[in-house]
Amino acid sequence: MNTAISRASKIRSVARQHTHSLYRYPASMSPSIAETVIRRFTRPGDLVLDPFCGGGTTAVEALVSGRSAICADLSALAVFLTRAKARPLLQDHIDDLRKWLDKLGDPSQTLSTATPEAIVTKSGLIYSPKSYGLLRGIAKKISSLEFEQSRTAAKLMVLRTGQIAFDSREKPITPTILGKIFQRTAVEFLSKHEAYSQKCKQQKPDLSGQRRLTTILCDAEHLANRIRHRLKHCSLVLTSPPYPGIHVLYHRWQIRGRKEVALPFELLGLQDGYSEAHYTLAPRSEFDNAKYFERITRVFSAINKALSPSTPIVQVVAFSRPEIQLPLYLEAMDTAGLKPALHRKQSATLVKREIPNARWYVRTDPTLTSRKEYVLIHKSTS
(Lines give C-alpha, C1' and ligand atoms only; values in the text may rest on other atoms or scores of the structure.)
Protein backbone atom coordinates (compact mmCIF):
# COMPACT_ATOMS: atom_id res chain seq x y z
CA MET A 1 0.00 0.00 0.00
CA ASN A 2 2.83 2.40 0.88
CA THR A 3 4.95 1.81 -2.19
CA ALA A 4 2.55 3.02 -4.88
CA ILE A 5 1.53 6.14 -2.92
CA SER A 6 5.17 6.87 -2.11
CA ARG A 7 6.08 6.69 -5.80
CA ALA A 8 3.19 9.00 -6.66
CA SER A 9 4.32 11.49 -4.01
CA LYS A 10 7.71 11.86 -5.69
CA ILE A 11 6.13 13.30 -8.86
CA ARG A 12 6.83 17.03 -8.48
CA SER A 13 5.88 18.34 -11.90
CA VAL A 14 3.01 20.82 -12.20
CA ALA A 15 -0.23 18.97 -12.97
CA ARG A 16 -1.22 19.44 -16.60
CA GLN A 17 -3.22 16.29 -17.30
CA HIS A 18 -7.00 16.25 -17.67
CA THR A 19 -8.54 19.58 -16.55
CA HIS A 20 -6.33 20.27 -13.53
CA SER A 21 -4.48 23.20 -15.13
CA LEU A 22 -7.68 25.08 -16.04
CA TYR A 23 -7.45 26.89 -12.69
CA ARG A 24 -4.61 26.90 -10.16
CA TYR A 25 -6.20 26.44 -6.74
CA PRO A 26 -3.78 27.05 -3.84
CA ALA A 27 -2.59 23.97 -1.92
CA SER A 28 -4.32 21.60 -4.32
CA MET A 29 -3.93 17.87 -3.81
CA SER A 30 -1.44 16.08 -6.05
CA PRO A 31 -3.38 14.44 -8.93
CA SER A 32 -0.85 11.60 -8.93
CA ILE A 33 -1.58 10.81 -5.29
CA ALA A 34 -5.33 11.16 -5.85
CA GLU A 35 -5.27 8.82 -8.85
CA THR A 36 -3.17 6.24 -7.01
CA VAL A 37 -5.34 6.28 -3.89
CA ILE A 38 -8.59 6.03 -5.88
CA ARG A 39 -7.36 3.09 -7.93
CA ARG A 40 -5.88 1.38 -4.84
CA PHE A 41 -8.95 1.62 -2.60
CA THR A 42 -11.92 1.59 -5.00
CA ARG A 43 -13.32 -0.13 -8.07
CA PRO A 44 -15.06 1.37 -11.11
CA GLY A 45 -18.59 2.41 -10.15
CA ASP A 46 -17.67 3.12 -6.51
CA LEU A 47 -18.51 6.38 -4.74
CA VAL A 48 -15.75 8.71 -3.45
CA LEU A 49 -16.31 11.49 -0.90
CA ASP A 50 -14.29 14.71 -0.58
CA PRO A 51 -15.57 17.03 2.20
CA PHE A 52 -12.91 19.70 1.43
CA CYS A 53 -13.02 19.59 -2.38
CA GLY A 54 -11.05 22.80 -3.09
CA GLY A 55 -9.97 22.85 -6.73
CA GLY A 56 -11.72 19.58 -7.60
CA THR A 57 -8.73 17.21 -7.88
CA THR A 58 -10.56 14.30 -6.24
CA ALA A 59 -13.61 14.79 -8.45
CA VAL A 60 -11.62 14.90 -11.71
CA GLU A 61 -9.57 11.80 -10.86
CA ALA A 62 -12.65 9.91 -9.64
CA LEU A 63 -14.74 10.57 -12.75
CA VAL A 64 -11.95 9.90 -15.23
CA SER A 65 -11.39 6.57 -13.44
CA GLY A 66 -15.03 5.55 -13.79
CA ARG A 67 -16.03 6.34 -10.20
CA SER A 68 -18.67 8.75 -8.88
CA ALA A 69 -17.97 11.54 -6.42
CA ILE A 70 -19.63 13.64 -3.74
CA CYS A 71 -17.66 16.86 -3.24
CA ALA A 72 -18.41 19.54 -0.67
CA ASP A 73 -16.81 22.80 0.44
CA LEU A 74 -17.91 25.89 2.35
CA SER A 75 -16.40 28.08 -0.38
CA ALA A 76 -18.71 28.86 -3.29
CA LEU A 77 -15.57 29.35 -5.40
CA ALA A 78 -14.36 25.80 -4.65
CA VAL A 79 -17.77 24.29 -5.41
CA PHE A 80 -17.91 26.17 -8.71
CA LEU A 81 -14.39 25.08 -9.70
CA THR A 82 -15.10 21.44 -8.89
CA ARG A 83 -18.27 21.47 -10.96
CA ALA A 84 -16.66 23.34 -13.88
CA LYS A 85 -13.49 21.24 -14.02
CA ALA A 86 -14.90 17.80 -13.26
CA ARG A 87 -18.32 17.58 -14.87
CA PRO A 88 -17.86 16.18 -18.42
CA LEU A 89 -19.15 18.20 -21.36
CA LEU A 90 -21.43 16.82 -24.05
CA GLN A 91 -20.70 17.54 -27.71
CA ASP A 92 -23.59 20.03 -27.70
CA HIS A 93 -21.80 22.00 -24.99
CA ILE A 94 -18.51 21.99 -26.92
CA ASP A 95 -20.28 23.14 -30.11
CA ASP A 96 -22.11 25.85 -28.18
CA LEU A 97 -18.81 27.16 -26.79
CA ARG A 98 -17.08 27.12 -30.17
CA LYS A 99 -19.88 29.13 -31.79
CA TRP A 100 -19.77 31.62 -28.92
CA LEU A 101 -15.99 32.00 -29.17
CA ASP A 102 -16.14 32.42 -32.95
CA LYS A 103 -18.72 35.16 -32.58
CA LEU A 104 -16.72 36.83 -29.81
CA GLY A 105 -13.51 36.83 -31.85
CA ASP A 106 -10.67 38.87 -30.40
CA PRO A 107 -12.24 40.50 -27.31
CA SER A 108 -9.80 43.39 -27.36
CA GLN A 109 -11.22 44.32 -30.79
CA THR A 110 -14.91 43.39 -30.51
CA LEU A 111 -15.16 44.92 -27.03
CA SER A 112 -12.96 47.92 -27.77
CA THR A 113 -15.37 50.24 -25.98
CA ALA A 114 -14.75 48.53 -22.63
CA THR A 115 -14.28 51.08 -19.87
CA PRO A 116 -12.05 50.81 -16.79
CA GLU A 117 -13.56 48.80 -13.90
CA ALA A 118 -12.66 49.32 -10.27
CA ILE A 119 -10.64 46.73 -8.35
CA VAL A 120 -10.93 47.33 -4.62
CA THR A 121 -8.33 45.76 -2.33
CA LYS A 122 -9.00 44.46 1.16
CA SER A 123 -7.36 47.61 2.57
CA GLY A 124 -9.62 49.88 0.50
CA LEU A 125 -7.20 50.91 -2.26
CA ILE A 126 -8.83 51.26 -5.69
CA TYR A 127 -7.31 50.46 -9.06
CA SER A 128 -9.21 50.87 -12.32
CA PRO A 129 -7.43 49.13 -15.19
CA LYS A 130 -9.16 49.01 -18.57
CA SER A 131 -8.09 45.37 -18.87
CA TYR A 132 -10.38 44.47 -15.97
CA GLY A 133 -13.21 46.32 -17.70
CA LEU A 134 -12.56 44.18 -20.79
CA LEU A 135 -12.66 40.99 -18.72
CA ARG A 136 -15.96 42.03 -17.17
CA GLY A 137 -17.22 42.76 -20.69
CA ILE A 138 -16.40 39.18 -21.75
CA ALA A 139 -18.19 37.85 -18.68
CA LYS A 140 -21.35 39.76 -19.62
CA LYS A 141 -21.44 38.00 -23.00
CA ILE A 142 -21.71 34.57 -21.33
CA SER A 143 -25.47 34.87 -20.94
CA SER A 144 -25.90 34.38 -24.69
CA LEU A 145 -24.76 30.74 -24.48
CA GLU A 146 -27.55 28.21 -24.90
CA PHE A 147 -26.73 25.64 -22.19
CA GLU A 148 -26.12 26.14 -18.49
CA GLN A 149 -23.08 23.86 -18.58
CA SER A 150 -21.67 25.88 -21.48
CA ARG A 151 -22.09 29.03 -19.41
CA THR A 152 -20.31 27.37 -16.48
CA ALA A 153 -17.43 26.45 -18.80
CA ALA A 154 -17.20 30.00 -20.18
CA LYS A 155 -17.10 31.41 -16.64
CA LEU A 156 -14.13 29.18 -15.91
CA MET A 157 -12.38 30.54 -19.03
CA VAL A 158 -12.93 34.07 -17.75
CA LEU A 159 -11.78 33.13 -14.26
CA ARG A 160 -8.58 31.51 -15.49
CA THR A 161 -7.87 34.50 -17.74
CA GLY A 162 -8.25 36.80 -14.75
CA GLN A 163 -5.98 34.62 -12.63
CA ILE A 164 -3.22 34.75 -15.25
CA ALA A 165 -3.71 38.47 -15.88
CA PHE A 166 -4.02 39.80 -12.33
CA ASP A 167 -3.06 37.33 -9.60
CA SER A 168 0.40 38.08 -8.16
CA ARG A 169 1.13 40.75 -10.80
CA GLU A 170 2.78 44.01 -9.88
CA LYS A 171 1.81 45.90 -13.03
CA PRO A 172 -1.52 45.89 -14.90
CA ILE A 173 -1.57 44.34 -18.36
CA THR A 174 -3.04 45.99 -21.43
CA PRO A 175 -6.46 45.04 -22.87
CA THR A 176 -4.72 43.69 -25.97
CA ILE A 177 -2.63 41.28 -23.90
CA LEU A 178 -5.67 40.25 -21.86
CA GLY A 179 -7.55 39.47 -25.07
CA LYS A 180 -4.70 37.22 -26.21
CA ILE A 181 -4.62 35.48 -22.82
CA PHE A 182 -8.33 34.80 -23.07
CA GLN A 183 -7.98 33.33 -26.57
CA ARG A 184 -5.13 31.03 -25.49
CA THR A 185 -7.10 30.02 -22.39
CA ALA A 186 -10.16 29.19 -24.48
CA VAL A 187 -8.13 27.00 -26.85
CA GLU A 188 -6.55 25.14 -23.93
CA PHE A 189 -9.91 24.75 -22.23
CA LEU A 190 -11.64 23.21 -25.25
CA SER A 191 -8.73 20.88 -25.96
CA LYS A 192 -8.37 19.61 -22.41
CA HIS A 193 -12.07 19.39 -21.57
CA GLU A 194 -12.92 17.61 -24.81
CA ALA A 195 -10.19 15.00 -24.19
CA TYR A 196 -11.19 14.66 -20.52
CA SER A 197 -14.89 14.29 -21.36
CA GLN A 198 -14.07 11.61 -23.92
CA LYS A 199 -12.09 9.63 -21.33
CA CYS A 200 -14.97 9.89 -18.87
CA LYS A 201 -17.37 8.71 -21.55
CA GLN A 202 -15.19 5.67 -22.21
CA GLN A 203 -15.38 4.78 -18.52
CA LYS A 204 -19.09 5.53 -18.07
CA PRO A 205 -21.00 6.15 -21.32
CA ASP A 206 -23.92 7.94 -19.67
CA LEU A 207 -22.36 11.40 -19.47
CA SER A 208 -25.74 13.06 -19.05
CA GLY A 209 -26.34 11.42 -15.67
CA GLN A 210 -26.01 14.03 -12.93
CA ARG A 211 -25.46 11.43 -10.20
CA ARG A 212 -21.82 10.86 -11.16
CA LEU A 213 -20.84 14.14 -9.55
CA THR A 214 -22.65 15.78 -6.66
CA THR A 215 -21.35 19.15 -5.46
CA ILE A 216 -22.57 20.64 -2.19
CA LEU A 217 -21.96 24.11 -0.73
CA CYS A 218 -21.72 23.11 2.91
CA ASP A 219 -19.53 23.30 5.99
CA ALA A 220 -17.87 19.89 6.42
CA GLU A 221 -19.16 19.75 10.00
CA HIS A 222 -22.75 19.56 8.71
CA LEU A 223 -22.15 17.44 5.62
CA ALA A 224 -23.07 14.15 7.29
CA ASN A 225 -26.49 15.49 8.25
CA ARG A 226 -27.08 16.67 4.68
CA ILE A 227 -26.34 13.37 2.92
CA ARG A 228 -26.25 10.71 5.63
CA HIS A 229 -28.17 8.23 3.47
CA ARG A 230 -25.50 8.42 0.72
CA LEU A 231 -22.43 8.27 2.96
CA LYS A 232 -23.17 4.64 3.81
CA HIS A 233 -22.45 3.86 0.17
CA CYS A 234 -19.07 5.64 0.02
CA SER A 235 -16.12 3.37 -0.66
CA LEU A 236 -13.46 6.00 0.06
CA VAL A 237 -12.98 9.39 1.66
CA LEU A 238 -10.14 11.28 -0.05
CA THR A 239 -9.54 14.87 0.95
CA SER A 240 -7.04 17.60 1.78
CA PRO A 241 -8.30 19.66 4.75
CA PRO A 242 -7.01 23.15 5.53
CA TYR A 243 -3.53 23.04 7.04
CA PRO A 244 -3.08 24.02 10.73
CA GLY A 245 -0.82 27.00 11.26
CA ILE A 246 -0.34 27.73 7.55
CA HIS A 247 -1.73 30.80 5.82
CA VAL A 248 -3.33 29.94 2.48
CA LEU A 249 -5.43 32.40 0.49
CA TYR A 250 -8.07 30.08 -0.89
CA HIS A 251 -10.58 32.82 -1.66
CA ARG A 252 -8.62 35.83 -2.88
CA TRP A 253 -5.99 36.86 -5.41
CA GLN A 254 -3.14 39.26 -4.71
CA ILE A 255 -2.05 42.23 -6.79
CA ARG A 256 0.48 45.03 -6.50
CA GLY A 257 2.60 43.71 -3.64
CA ARG A 258 0.29 41.08 -2.11
CA LYS A 259 -2.75 43.33 -1.77
CA GLU A 260 -5.77 41.04 -1.42
CA VAL A 261 -8.68 41.37 -3.83
CA ALA A 262 -11.94 39.42 -4.16
CA LEU A 263 -11.82 39.25 -7.97
CA PRO A 264 -12.61 35.52 -8.31
CA PHE A 265 -15.91 35.96 -6.50
CA GLU A 266 -16.71 39.19 -8.33
CA LEU A 267 -16.11 37.63 -11.75
CA LEU A 268 -18.45 34.74 -10.89
CA GLY A 269 -21.10 36.99 -9.38
CA LEU A 270 -20.73 35.28 -6.00
CA GLN A 271 -20.90 36.85 -2.57
CA ASP A 272 -17.87 36.55 -0.31
CA GLY A 273 -17.88 38.49 2.90
CA TYR A 274 -15.75 36.08 4.87
CA SER A 275 -12.27 36.33 6.34
CA GLU A 276 -9.45 33.86 5.81
CA ALA A 277 -10.31 32.07 9.08
CA HIS A 278 -13.66 31.03 7.62
CA TYR A 279 -11.84 28.87 5.07
CA THR A 280 -8.94 27.63 7.23
CA LEU A 281 -10.96 26.48 10.31
CA ALA A 282 -9.13 28.86 12.66
CA PRO A 283 -7.95 32.49 12.86
CA ARG A 284 -4.47 33.37 11.66
CA SER A 285 -3.48 34.72 15.10
CA GLU A 286 -4.14 31.44 16.94
CA PHE A 287 -0.76 30.04 17.99
CA ASP A 288 -1.72 26.69 19.53
CA ASN A 289 -4.34 25.88 16.83
CA ALA A 290 -6.77 24.74 19.53
CA LYS A 291 -9.86 25.84 17.61
CA TYR A 292 -8.58 24.15 14.47
CA PHE A 293 -8.17 20.79 16.18
CA GLU A 294 -11.59 21.11 17.86
CA ARG A 295 -13.26 21.68 14.49
CA ILE A 296 -11.35 19.03 12.55
CA THR A 297 -12.28 16.52 15.27
CA ARG A 298 -15.96 17.39 14.91
CA VAL A 299 -15.78 17.10 11.11
CA PHE A 300 -14.36 13.61 11.07
CA SER A 301 -16.38 12.44 14.06
CA ALA A 302 -19.60 13.26 12.16
CA ILE A 303 -18.32 11.67 8.95
CA ASN A 304 -17.10 8.58 10.79
CA LYS A 305 -20.53 7.99 12.32
CA ALA A 306 -22.19 8.12 8.89
CA LEU A 307 -19.78 5.84 7.01
CA SER A 308 -19.90 2.07 6.81
CA PRO A 309 -17.28 0.37 9.02
CA SER A 310 -13.72 0.07 7.66
CA THR A 311 -14.17 2.70 4.94
CA PRO A 312 -10.69 4.04 4.02
CA ILE A 313 -10.14 7.71 4.89
CA VAL A 314 -7.09 9.21 3.18
CA GLN A 315 -5.99 12.75 3.99
CA VAL A 316 -3.23 14.90 2.54
CA VAL A 317 -2.21 17.47 5.17
CA ALA A 318 0.68 19.88 5.72
CA PHE A 319 1.83 21.34 9.04
CA SER A 320 3.76 24.43 10.06
CA ARG A 321 5.31 22.54 13.00
CA PRO A 322 5.02 18.83 12.16
CA GLU A 323 6.82 17.67 15.29
CA ILE A 324 4.01 19.22 17.38
CA GLN A 325 0.99 19.31 15.12
CA LEU A 326 1.20 15.88 13.51
CA PRO A 327 0.79 14.03 16.84
CA LEU A 328 -2.06 16.42 17.73
CA TYR A 329 -3.72 15.73 14.37
CA LEU A 330 -3.48 11.97 14.85
CA GLU A 331 -4.87 12.41 18.36
CA ALA A 332 -7.80 14.36 16.88
CA MET A 333 -8.47 11.47 14.50
CA ASP A 334 -8.40 9.06 17.46
CA THR A 335 -10.92 11.24 19.29
CA ALA A 336 -13.09 11.29 16.15
CA GLY A 337 -13.19 7.51 16.27
CA LEU A 338 -10.95 6.77 13.29
CA LYS A 339 -8.60 3.81 13.34
CA PRO A 340 -5.11 4.03 11.76
CA ALA A 341 -4.89 1.74 8.74
CA LEU A 342 -1.30 0.93 9.73
CA HIS A 343 0.61 0.90 12.97
CA ARG A 344 0.51 4.41 14.46
CA LYS A 345 4.19 5.11 13.84
CA GLN A 346 3.95 3.83 10.29
CA SER A 347 0.85 5.90 9.66
CA ALA A 348 2.51 9.04 10.97
CA THR A 349 5.42 8.67 8.57
CA LEU A 350 3.58 7.04 5.68
CA VAL A 351 4.46 9.57 2.98
CA LYS A 352 6.07 12.99 3.03
CA ARG A 353 5.71 14.96 -0.17
CA GLU A 354 7.82 17.99 -1.02
CA ILE A 355 5.52 20.64 -2.48
CA PRO A 356 6.59 22.24 -5.77
CA ASN A 357 5.94 25.99 -6.08
CA ALA A 358 4.11 26.20 -2.75
CA ARG A 359 2.39 29.55 -2.34
CA TRP A 360 1.75 29.76 1.37
CA TYR A 361 3.55 30.75 4.51
CA VAL A 362 3.34 29.92 8.20
CA ARG A 363 0.94 32.20 10.04
CA THR A 364 2.63 32.28 13.41
CA ASP A 365 6.23 32.55 12.22
CA PRO A 366 6.97 33.75 8.66
CA THR A 367 10.59 32.58 9.02
CA LEU A 368 9.44 28.95 9.04
CA THR A 369 9.03 27.39 5.61
CA SER A 370 6.83 24.31 5.71
CA ARG A 371 6.93 22.65 2.32
CA LYS A 372 5.93 19.06 3.09
CA GLU A 373 2.59 17.28 2.98
CA TYR A 374 1.77 14.04 4.79
CA VAL A 375 -0.54 11.32 3.53
CA LEU A 376 -2.48 9.83 6.48
CA ILE A 377 -4.60 6.72 6.10
CA HIS A 378 -7.34 5.72 8.55
CA LYS A 379 -10.46 3.57 8.55
CA SER A 380 -13.92 4.37 9.86
CA THR A 381 -15.14 2.50 12.92
CA SER A 382 -18.83 3.38 13.12
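Just so it is clear, the values below take in all heavy atoms, side chains as well, and ignore hydrogens, waters and symmetry mates.
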Just do the side chain to side chain contact (heavy atoms under 4.5 Å, CB included) check on Val314 and Val237 with the steps written out, would you?
-> CA-CA 6 Å; Val314 182; Val237 177; over 6 Å; no

Flag if over 12 foreign heavy atoms under 6.0 Å of NZ, Lys232 = yes

Under 3.5 Å, is there a donor-acceptor pair between the Ser128 and Glu117 side chains?
-> no

Just wondering, are more than 12 heavy atoms of other shown residues or ligands nearer than 6.0 Å to CD in Gln271?
-> no

Heavy-atom nearest pair, Cys53 first then Cys71, reads CB-CB, 3.6 Å

Any ion pair linking Glu194 and Arg98 (charged N to carboxylate O, less than 4.0 Å)?
-> yes

May I ask you to decide if the ring planes of Phe182 and Trp100 are parallel, tilted or perpendicular, using 30° and 60° as cut-offs?
-> perpendicular

Polar side chain donor-acceptor pair, Thr176 to Gln109, under 3.5 angstrom = no

Do Thr42 and Arg67 have side-chain atoms, one donor and one acceptor, less than 3.5 Å apart?
-> yes

In short, salt bridge (charged side-chain N to carboxylate O under 4.0 Å, His left out) pairs touching residues 47-59 with sequence neighbours left out are none

Interatomic distance, Lys155 atom NZ to Thr152 atom OG1 [nearest 0.5 angstrom] | 6.0 Å

Supply the atom-to-atom distance Leu49 CG to Thr239 OG1, rounded to the nearest 0.5 angstrom.
-> 7.5 Å

To the nearest 0.5 Å, what is the distance between CG (Leu328) and CG (Asp288)?
-> 9.0 Å

Pair Tyr250-Asp73, side-chain donor/acceptor within less than 3.5 Å = no

Report the C-alpha distance between Glu373 and Tyr243 in whole Å, list the side-chain angles of each, state the deciding distance to 0.1 Å, and finish with yes or no for side-chain hydrogen bond (donor to acceptor under 3.5 Å, both in side chains).
-> CA-CA 9 Å; Glu373 289 176 331; Tyr243 306 152; 2.5 Å; yes

ILVMFWY cluster membership beyond Val187 - transitive side-chain contacts under 4.5 angstrom = none

Which residues share a salt bridge (charged side-chain N to carboxylate O under 4.0 Å, His left out) with Arg295, sequence neighbours left out | Asp219, Glu221

If you draw a 6.0 Å radius around CZ in Arg228, do more than 12 non-hydrogen atoms from other residues or ligands fall strictly inside?
-> yes

Tell me the ring-ring contact (aromatic ring centres under 6.0 Å, His included) pairs involving residues 125-161, sequence neighbours left out?
-> His93-Phe147, Tyr132-Phe166

Are Ser320 and Gln325 side-chain neighbours, meaning at least one heavy-atom pair lies under 4.5 Å?
-> yes

Is Lys192 atom NZ crowded by more than 12 heavy atoms from other residues, nucleotides or ligands, each under 6.0 Å away?
-> yes

Which residue pairs satisfy the salt bridge (charged side-chain N to carboxylate O under 4.0 Å, His left out) criterion with at least one member in residues 173-186, sequence neighbours excluded?
-> Asp106-Lys180

Quick one: CZ on Arg83 to OG1 on Thr214, what's the gap to the nearest 0.5 Å?
-> 10.5 Å

Tell me yes or no: between the side chains of Asp167 and Gln254, is some donor less than 3.5 Å from an acceptor?
-> no

His251 vs Phe265 aromatic rings, parallel, tilted or perpendicular, using cut-offs 30° and 60°?
-> perpendicular

Output all residues satisfying salt bridge (charged side-chain N to carboxylate O under 4.0 Å, His left out) with Glu35, sequence neighbours left out; order by chain, then residue number.
-> Arg39

Indicate the atoms forming the closest heavy-atom contact of Leu178 with Ser131, along with that distance.
-> CD1-O, 3.4 Å

Give the ring-plane orientation class for His193 versus Phe189, where under 30° counts as parallel, over 60° as perpendicular and anything between as tilted.
-> tilted

Residue pair Arg230, Leu47: steps toward the side chain to side chain contact (heavy atoms under 4.5 Å, CB included) verdict = CA-CA 9 Å; Arg230 294 195 65 188; Leu47 180 61; 4.1 Å; yes

Please step through side chain to side chain contact (heavy atoms under 4.5 Å, CB included) for the pair Glu260 and Leu249, ending with a clear verdict.
-> CA-CA 9 Å; Glu260 296 180 19; Leu249 272 181; 3.8 Å; yes

Measure centre to centre between the rings of Tyr329 and Phe319, then say whether the value is under 6.0 Å.
-> yes

Just wondering, do Ser168 and Ile255 contact through their side chains at under 4.5 Å, heavy atoms?
-> no

